[in-house]
Amino acid sequence: MASTAAIRASGKSAITVEPVSGALGAAISGVDLSSVDDSIFAEIHEAFMAHQVLFFHGQSMTPEDYVAFARRFGEPIEYPFAKGLEGYPEITEIIKEPHQTSNFGGMWHSDTTYLQNPPMATMLMCVETPAAGGDTLFASMTKAYDRLSGGMKELLAPLKAVNTSALNAASLRGDHLKSGSMGQGAKIREVLTAEHPVIRTHPVTGQKAIYVNPSHTERFAGMTREESAGLLGFLFTHAVRPEFTCRFRWAPGSVTIWDNRCTWHDAINDYDGHRRVMRRITIAGDAPPV
């Protein structure tokens, strides 16, 4: 097999990028994430901008390696409602034990849009999975936006939405938070609220994306929840049409990173009676431009 240096010298890509659906997502092979140099990362980042979510298999990373790779994308930040791993506050361990029936992240959403500066991206590393089940769904909000009518795009363009942590408060009290590092107690207990544009323009690609989600978006700014319900309900249903989605099956050593600025995700809760352990890092972002 040709060396990585020889591959680069020949002008060929040092990694393999294989799309997993027509909407979004690509599997990346030919890379060890514990030793990524600038050239390899440039290819990974290019694929990330093109496919919105990337999947890697067969990785073996220490917590130091994991945080170091995350820093390639930006500044890792702590999750506001749970304590991180001892010595690694940026890493949140998400555990569902066999006796538990609720899971973390089991609803379509973009991460923590109730923050004034929502995270740019989220990375998840698989430690332990059930023999079957526990997949994650992803949806492209740029594809969903593109398929809206011109009239709907015009209607949504000036709108802002109120996002709140209160809508997801029940999941923050669920029994999936009673084990692992997440069971050590929430760091923030008050309700967090932020207003963001309903349609967001990606700062790198320039693409427009739907930027509301059923887990955190309460209503349109200047409107009541009742007045907002019909149009939000349409967007929530439209955004997860099958042609805008892909599905990922985890295995120990799998690593995924998704772009919160233009995707939703949903952790499927179909593995009661089995254990699942994941390690999450969120990466700082900016306030969506108005």
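Residues F56 and T256 fail the side-chain proximity criterion, which asks for heavy atoms closer than 4.5 Å. V277 places a side-chain heavy atom less than 4.5 Å from the side chain of E93. Side-chain contact between K83 and E78 is absent, with no heavy atoms from C-beta onward closer than 4.5 Å. No side-chain heavy atom of W264 sits less than 4.5 Å from a side-chain heavy atom of L137. Side-chain contact between I257 and V53: absent, with no pair of heavy atoms (C-beta onward) separated by less than 4.5 Å. When side chains are defined from C-beta on, Y114 does not count as touching V191, because their heavy atoms never get closer than 4.5 Å. The side-chain heavy atoms of R280 and M123, taken from C-beta on, include no pair separated by under 4.5 Å. In this structure, F55 and V20 have side chains that are in contact, with non-hydrogen atoms separated by less than 4.5 Å.
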Check: W250 and R276: side chain to side chain contact (heavy atoms under 4.5 Å, CB included), yes or no, with the steps?
Finding: CA-CA 10 Å; W250 298 91; R276 184 176 185 265; 3.4 Å; yes

Next item on the list: Any chance you could lay out the side chain to side chain contact (heavy atoms under 4.5 Å, CB included) test for R279 and T92, step after step, and finish with the verdict?
Entry: CA-CA 6 Å; R279 290 184 173 178; T92 303; over 6 Å; no

Margin query: Quick one, E218 with T193, criterion side chain to side chain contact (heavy atoms under 4.5 Å, CB included). Give me CA distance, side-chain angles, the key distance, then yes/no.
Written below: CA-CA 10 Å; E218 180 182 47; T193 304; 6.0 Å; no

Margin query: Run L156 and L148 through side chain to side chain contact (heavy atoms under 4.5 Å, CB included) and show every step you take.
Written below: CA-CA 10 Å; L156 296 174; L148 293 173; 3.8 Å; yes

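Atom CZ of R147 sits about 10.5 Å away from atom NZ of K153, to the nearest 0.5 Å. The CZ atom of F73 lies 6.0 Å from the CD1 atom of I44; values are rounded to the nearest 0.5 Å. The NE2 atom of H99 sits 14.5 Å away from the NE2 atom of H274 when rounded to the nearest 0.5 Å. Taking CE of M278 as the reference point, atom SG of C126 lies at 4.5 Å (rounded to 0.5 Å). Here the CD1-CD1 distance, from I28 to I15, works out to 4.5 Å after rounding to the nearest 0.5 Å. To the nearest 0.5 angstrom, R72 atom CZ is 12.5 Å from I283 atom CD1.
A donor-acceptor contact closer than 3.5 angstrom is absent between the side chains of T136 and D266. A donor and an acceptor atom, one from each side chain of N163 and T113, are located under 3.5 Å apart. For the residue pair N260 / T122, a side-chain donor-acceptor distance below 3.5 Å is found, with atom types taken as modelled. Judged purely by distance below 3.5 Å, without hydrogens or angles, the side chains of T263 and Q52 never pair a donor atom with an acceptor atom. Using modelled atom types and a 3.5 Å distance limit, the side chains of D272 and T101 yield no donor-acceptor pair. A donor-acceptor contact closer than 3.5 angstrom is absent between the side chains of S39 and D37. A donor-acceptor contact closer than 3.5 angstrom is absent between the side chains of Y66 and E90.
A salt bridge does not link D111 to R261: none of the charged side-chain nitrogens sits closer than 4.0 Å to a carboxylate oxygen. Using a 4.0 Å cut-off between charged side-chain N and carboxylate O, K208 and D146 make no salt bridge.
Taking each heavy atom of C262 and H202 in turn, the nearest pair found is SG-CD2, 4.0 Å. The shortest non-hydrogen separation linking V198 to K160 is CG2-C, 3.7 Å. Nearest heavy-atom pair across S60 and D65 is O-OD2, 4.5 Å. Heavy atoms only, all atoms of each residue included: H196 and L115 are closest at NE2-O, 2.9 Å. Contact detail for A23 and K143: the closest heavy-atom pair is O-CE, 3.4 Å. In terms of heavy atoms, L24 sits closest to S140 at CD1-N, 3.8 Å.
With R219 contributing its side chain and M223 its backbone, the two residues share a donor-acceptor pair below 3.5 Å. A donor-acceptor pair is defined here as one N or O able to donate and one able to accept, closer than 3.5 Å; such a pair exists between the side chain of S165 and the backbone of L192. For Q59 (side chain) and V31 (main-chain N/O), a donor-acceptor pair under 3.5 Å exists by modelled atom type. In this structure a side-chain-to-backbone donor-acceptor pair under 3.5 Å is missing from T164 to L167. A donor-acceptor pair is defined here as one N or O able to donate and one able to accept, closer than 3.5 Å; no such pair exists between the side chain of T245 and the backbone of A139.
One hydrophobic cluster, built from ILVMFWY side chains closer than 4.5 Å, cannot hold both I77 and W258; they sit in different ones. Note on V162 and V212: separate hydrophobic clusters, where clusters join Ile, Leu, Val, Met, Phe, Trp and Tyr whose side-chain heavy atoms are under 4.5 Å apart, directly or indirectly. No continuous path of ILVMFWY side-chain contacts below 4.5 Å connects Y211 to M120, so the two sit in separate hydrophobic clusters. At a threshold of 4.5 Å between side-chain heavy atoms, the hydrophobic network of Ile, Leu, Val, Met, Phe, Trp and Tyr places L155 and I210 in one connected group. Cluster membership for L33 and Y88, using ILVMFWY side-chain heavy atoms within less than 4.5 angstrom, is shared.
Considering only residues two or more places apart in sequence or on other chains, T224 meets the side-chain contact (heavy atoms from CB on, under 4.5 Å) condition with E226, E227.
Residue N117 qualifies as enclosed at atom CG: its count of foreign heavy atoms under 6.0 Å is above 12. Residue-environment remark: CD (E64) exceeds the threshold of 12 foreign heavy atoms within 6.0 Å. Shown here is E243, whose CD atom has more than 12 heavy atoms of other residues, nucleotides or ligands within 6.0 Å.
Note: H45 and F41 have tilted aromatic rings, judged against thresholds of 30 and 60 degrees for the angle between ring planes.
Separation of the F244 and Y145 ring centroids does not fall under the 6.0 Å cut-off. Checked against the 6.0 Å centroid threshold, H265 and F248 do not count as a close aromatic pair. Under the 6.0 Å cut-off for aromatic ring centres, W108 and F236 do not qualify, their centroids lying 6.0 Å or more apart.
Within the cation-pi definition used here (under 6.0 Å to the ring centroid, within 45° of the axis), K96 qualifies as a partner of Y271.
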